[in-house]
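In what follows, residues are counted from 1 in the order of the sequence shown.
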Amino acid sequence: QVQLVESGGGLVQAGGSLRLSCAASGRSLSTYVMAWFRQAPGKEREFVACIRWRGGESYYADSVKGRFTISRDNAKNTLYLQMNSLKPEDTAVYYCAADEVFTNLRVAGQYDYWGQGTQVTVST
């Protein structure tokens with residue numbers, strides 16, 4: 001079992017920045033892929049970014065490429081999402097997810113473990 005706890009959400013003006021954190025516990029993450037998804041009201045949960053814990057390969061949704069950066073701290077067992085140049089359309093609940101299988105990385109149903117989510121609101 002893996003437990004995930006997100007933090008760092010909040011209210012920010014358009015053009016601003018936020019850094020989300022996801023603290024993981026329960027098992028070694030060395031064989032896992034970790035991801036961020038988001039869900040806006042009335043919309044499906046969508047892929048934002050993911051990273052392979054061992055090796056650090058990362059992938060991004062086109063909508064955030066160049067603005068968001070996913071990273072991890074092995075010593076702290078923590079996943080991060082640095083979000084810059086935020087836009088109102090980035091407003092959503094952001095979720096951290098984890099899975100041991102490195103396939104279908106952009107599909108929410110692929111991931112076995114989820115955090116509770118953290119709200120990000122970007123104002124105009």
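Annotation: cation-pi pair R72/Y80 absent, no NZ/CZ under 6.0 Å from the ring centroid and within 45° of its normal.
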(Q) Before you tell me yes or no, could you show the steps for V93 and R45 under side-chain contact (heavy atoms from CB on, under 4.5 Å), namely the whole-Å CA-CA distance, both residues' side-chain angles and the distance that decides it to 0.1 Å? (A) CA-CA 9 Å; V93 177; R45 194 167 296 191; over 6 Å; no

Q: For the pair R54 and Y32, evaluate side-chain contact (heavy atoms from CB on, under 4.5 Å) and give the outcome as yes or no after the intermediate values.
A: CA-CA 8 Å; R54 178 184 292 164; Y32 279 71; over 6 Å; no

Q | Derivation and outcome, side-chain contact (heavy atoms from CB on, under 4.5 Å), residues M83 and L20 | A | CA-CA 8 Å; M83 306 186 293; L20 305 183; 3.7 Å; yes

Q) Given the rule in the side-chain contact (heavy atoms from CB on, under 4.5 Å) test, do I51 and E57 qualify, once you have shown the distances and angles that lead to the verdict? A) CA-CA 5 Å; I51 188 168; E57 302 163 60; over 6 Å; no

Check: residues 102-112 side-chain donor-acceptor pairs under 3.5 Å, at least two apart:
| unit_1 | atom_1 | unit_2 | atom_2 | d |
| --- | --- | --- | --- | --- |
| R106 | NH1 | Y60 | O | 3.2 |
| Q110 | NE2 | D99 | OD2 | 3.2 |
| Y111 | OH | L105 | O | 2.7 |

Atom pairs and distances, donor-acceptor, side-chain atoms in residues 11-19, under 3.5 Å, two or more places apart:
| unit_1 | atom_1 | unit_2 | atom_2 | d |
| --- | --- | --- | --- | --- |
| S17 | OG | N84 | OD1 | 2.9 |

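Taking both residues in full, the closest heavy atoms of Y94 and V48 are given as CE2-CG2, 4.3 Å, listed atom of the first, atom of the second, then distance. Heavy-atom minimum distance, Q3 versus G26: OE1-CA, 3.6 Å. Pairing each heavy atom of A40 with each of A92, the nearest pair is N-CB, 3.8 Å. Closest of all the heavy-atom pairs between L4 and C96 is CD1-O, 3.7 Å.
When atom types are taken as modelled, the side chain of T78 and the backbone of K76 share a donor-acceptor pair closer than 3.5 angstrom. The closest donor-acceptor contact from the side chain of Q39 to the backbone of E46 lies at 3.5 Å or more, if one exists at all. In terms of modelled atom types and a separation under 3.5 Å, the side chain of T118 and the main chain of G9 share a donor-acceptor contact. A donor-acceptor distance shorter than 3.5 angstrom exists from the side chain of R67 to the backbone of S85, with no hydrogens or angles considered.
No more than 12 heavy atoms of other residues, nucleotides or ligands lie within 6.0 Å of CD in E44, so this atom counts as exposed by the packing criterion. Within a 6.0 Å radius of CD in Q1, other residues, nucleotides and ligands contribute 12 heavy atoms or fewer.
Between F37 and F47, the distance separating the two ring centers is shorter than 6.0 angstrom. The aromatic ring centres of F68 and W36 sit 6.0 Å or more apart.
K87 places none of its side-chain heavy atoms less than 4.5 Å from the side chain of S63. Residues R38 and V120 fail the side-chain proximity criterion, which asks for heavy atoms closer than 4.5 Å.
For the atom pair Q119 CD and T121 OG1, the distance stands at 4.0 Å (nearest 0.5 Å). Going from atom CZ of R52 over to atom SG of C50 covers 10.0 Å, rounded to the nearest 0.5 Å.
Looking at D62 and K65, a side-chain N of the basic residue comes within less than 4.0 Å of a carboxylate O on the acidic one, giving a salt bridge.
Taken together through direct or relayed side-chain contacts under 4.5 Å among Ile, Leu, Val, Met, Phe, Trp and Tyr, M34 and W114 form parts of separate hydrophobic clusters. Y113 and L79 fall within a single hydrophobic cluster, where Ile, Leu, Val, Met, Phe, Trp and Tyr are joined by side-chain heavy atoms under 4.5 Å apart, directly or via other members. Linking ILVMFWY side-chain heavy atoms closer than 4.5 Å, directly or via other members, places L81 and Y95 in two distinct hydrophobic clusters. Linking ILVMFWY residues whenever their side-chain heavy atoms come closer than 4.5 Å, directly or via other members, leaves V33 and I70 in distinct clusters.
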